[in-house]
Amino acid sequence: MRNFVYLIVFISFFDLFSQLPIMSPFADSLGATPFVIGLAVGIYSFSNMIGNVISGFMTDKRGPFKILVFGLFASAVSLLLYFAVNDPLSLLGVRFIHGFMEGLIVPAAFTFLANRTEETKRGKSVAISGAFVGLAAIIGPAYGGIIAAKSSPAFVMAMNGMMMFLIAIAAFFVLRSFKYVPKKQTSKNRTRVRQLFRSPGMVRSFAGAFFLMFSQGVLALVLPLKVVSLGFDAKTSGMLLSAFGVTAVLVFLLPINRIFDRVRPIITLAFGLSMMGISMLFLSQLEELSFLYIAMIIYGVGFAFLFPSINSLLIDSSSPKFRGKAYGYFYAFFSIGAVAGSSVIGLLNLEFAGSFMLTGVILIAFAGYSLIGITKKNSFDKAPPIS
């Protein structure tokens with residue numbers, strides 16, 4: 001059952017990453033303005049955020065099975081709607097529906113995994129789940145770029161829909177034996193939502209998720225356009241985006257993954273953010289393709305350190321009976337970050353160098369801020385979990 005949920009995580013993120021090299025050029029081909037291009041990339045994440053929060057609450061109330069199966073089937077249907085897109089407005093509508101439906105999947109899946117992880121192995125466990133995310137980051141962008149170059153973005157999304165439909169059918173049979181006893185919702189439990197935002201560890205987990213996807217939103221919007229301006233095609237964008245995934249998977253799966261159980265997660269979080277920020281600064285200045293690959297490898301190292309760190313902080317700061325809501329808000333901040341990254345940069349209408357430079361400075365600044373107070377007694381990443 002656990003391995004099957006890893007597969008669900010992979011499929012969900014595969015769909016996300018396969019969109020990265022094709023969505024901004026797709027919107028541009030429909031005649032969208034720079035702002036609408038950014039909105040087309042970001043509106044998916046905005047509606048995804050809404051789905052994440054609803055999924056978190058429903059997972060705690062009803063259990064993960066119904067949420068996962070419904071989310072998978074609904075996402076499969078929404079992916080087929082891209083064939084109906086013929087102008088920027090219809091693209092925005094389909095992106096909103098797609099993002100919302102897919103937002104139901106991931107919080108339920110990660111809650112399932114977190115509740116079955118031994119505390120002493122939670123760092124390595126989230127690294128393994130991160131490896132499936134990284135694997136999706138390797139295959140997804142390259143797949144999206146290559147298939148779109150030979151057919152169309154709508155065909156790429158339809159293929160994703162077919163995969164989602166098959167995994168939904170399998171999930172119905174594989175996961176239906178999972179027994180879940182719903183918890184009685186009391187006024188005391190409901191007030192604990194506010195406690196999520198009072199826990200320093202949880203707040204840093206949410207902020208790390210936000211800035212991770214802020215950088216992803218910038219990459220999704222700016223990198224494909226910069227690559228095209230340099231004379232390359234969508235396939236090259238996909239390969240560049242896949243380069244960071246290859247690097248991340250190596251870090252996740254090699255013995256170095258033990259570091260996530262031995263080093264405080266706030267330290268690995270700050271290191272990961274710093275590496276991602278440095279890669280953005282490099283992307284702002286580099287134009288040679290080989291150097292762009294090096295920048296994306298550095299980004300992959302940062303991603304590999306950041307993703308397990310923010311998950312570990314969340315697990316350490318929450319109890320199983322409240323973890324669905326915690327993951328719901330966690331992935332909502334993922335979505336908000338992607339919206340902010342693509343929409344803000346699109347609204348500012350910066351040059352490629354300015355977009356990457358601004359993002360790099362923001363990431364490095366938060367890396368420094370996240371370390372404030374870590375030497376204090378009863379530090380936040382050792383605080384009792386919210387229960």
Side-chain angles (χ1 to χ4, degrees), residues 8-9 11-20 23-24 27 35-61 64 67-68 70-72 74-75 78-79 81 91-111 114 133 136 157 160 164 193-194 196-197 202-221 306-307 310-311 313-314 318 322-347 359 362 366:
I8 292 175
V9 169
I11 293 295
S12 181
F13 279 93
F14 177 84
D15 179 48
L16 170 65
F17 285 115
S18 65
Q19 304 171 35
L20 296 185
M23 202 48 61
S24 53
F35 173 71
V36 174
I37 293 174
L39 191 59
V41 174
I43 198 170
Y44 168 93
S45 297
F46 174 75
S47 61
N48 195 263
M49 169 193 68
I50 300 172
N52 290 153
V53 174
I54 292 174
S55 175
F57 277 83
M58 295 305 296
T59 295
D60 281 342
K61 186 175 182 181
I67 307 302
L68 280 174
F70 176 79
L72 288 165
S75 296
S78 68
L79 282 160
L81 296 178
L91 177 62
L92 292 178
V94 171
R95 293 285 289 165
F96 184 90
I97 296 170
H98 178 199
F100 176 80
M101 296 306 178
E102 198 148 314
L104 302 175
I105 300 171
V106 174
F110 272 91
T111 300
V133 177
M157 308 312 281
N160 290 355
M164 199 77 72
V193 172
R194 293 195 295 271
L196 291 173
F197 299 93
M202 192 72 73
V203 168
R204 281 164 172 77
S205 175
F206 290 164
F210 173 87
F211 286 112
L212 185 154
M213 290 308 294
F214 183 95
S215 68
Q216 285 282 297
V218 174
L219 283 176
L221 176 64
L306 180 58
F307 186 82
I310 55 182
N311 274 276
L313 280 171
L314 183 145
S318 63
F322 208 65
R323 200 160 284 150
K325 294 181 181 67
Y327 265 114
Y329 283 106
F330 177 82
Y331 280 100
F333 276 95
F334 259 65
S335 302
I336 295 170
V339 172
S342 59
S343 299
V344 171
I345 295 300
L347 182 62
T359 306
I362 290 172
F366 180 72

**Message:** Measuring from atom CG of Leu72 to atom CD1 of Ile105, what distance do you get when rounded to the nearest 0.5 angstrom?
**Reply:** 4.5 Å

**Asked** How far does OG of Ser18 sit from CE of Met23, to the nearest 0.5 angstrom?
**Response** 8.0 Å

**Asked** Who passes side-chain hydrogen bond (donor to acceptor under 3.5 Å, both in side chains) against Ser12, sequence neighbours left out?
**Response**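 Expected list: none.
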
**Request:** Under the side-chain hydrogen bond (donor to acceptor under 3.5 Å, both in side chains) rule, collect the residues that match up with Gln216, sequence neighbours excluded.
**Result:** Tyr299

**Message:** Measuring only between side-chain heavy atoms, which start at C-beta, is Met202 closer than 4.5 Å to Tyr329?
**Reply:** no

**Prompt:** With under 30° as parallel and over 60° as perpendicular, where do the rings of Tyr331 and Tyr327 fit, or are they tilted in between?
**Reply:** parallel

**Asked** Who pairs with Phe333 by ring pair (Phe, Tyr, Trp, His ring centres under 6.0 Å), at least two apart in sequence or on another chain?
**Response** Phe206

Which residues share a side chain to side chain contact (heavy atoms under 4.5 Å, CB included) with [X], sequence neighbours left out:
X	answer
Ala136	Phe10, Phe13, Phe14, Phe17
Phe96	Ile43, Phe46, Ser47, Ile50
Ala40	Ala27, Leu91, Leu92
Phe70	Ala74, Leu104

**Message:** Donor-acceptor pair, distance only, cut-off 3.5 Å: does the side chain of Asn52 make one with the backbone of Gly103?
**Reply:**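 Looks like yes, one N/O pair under 3.5 Å.
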
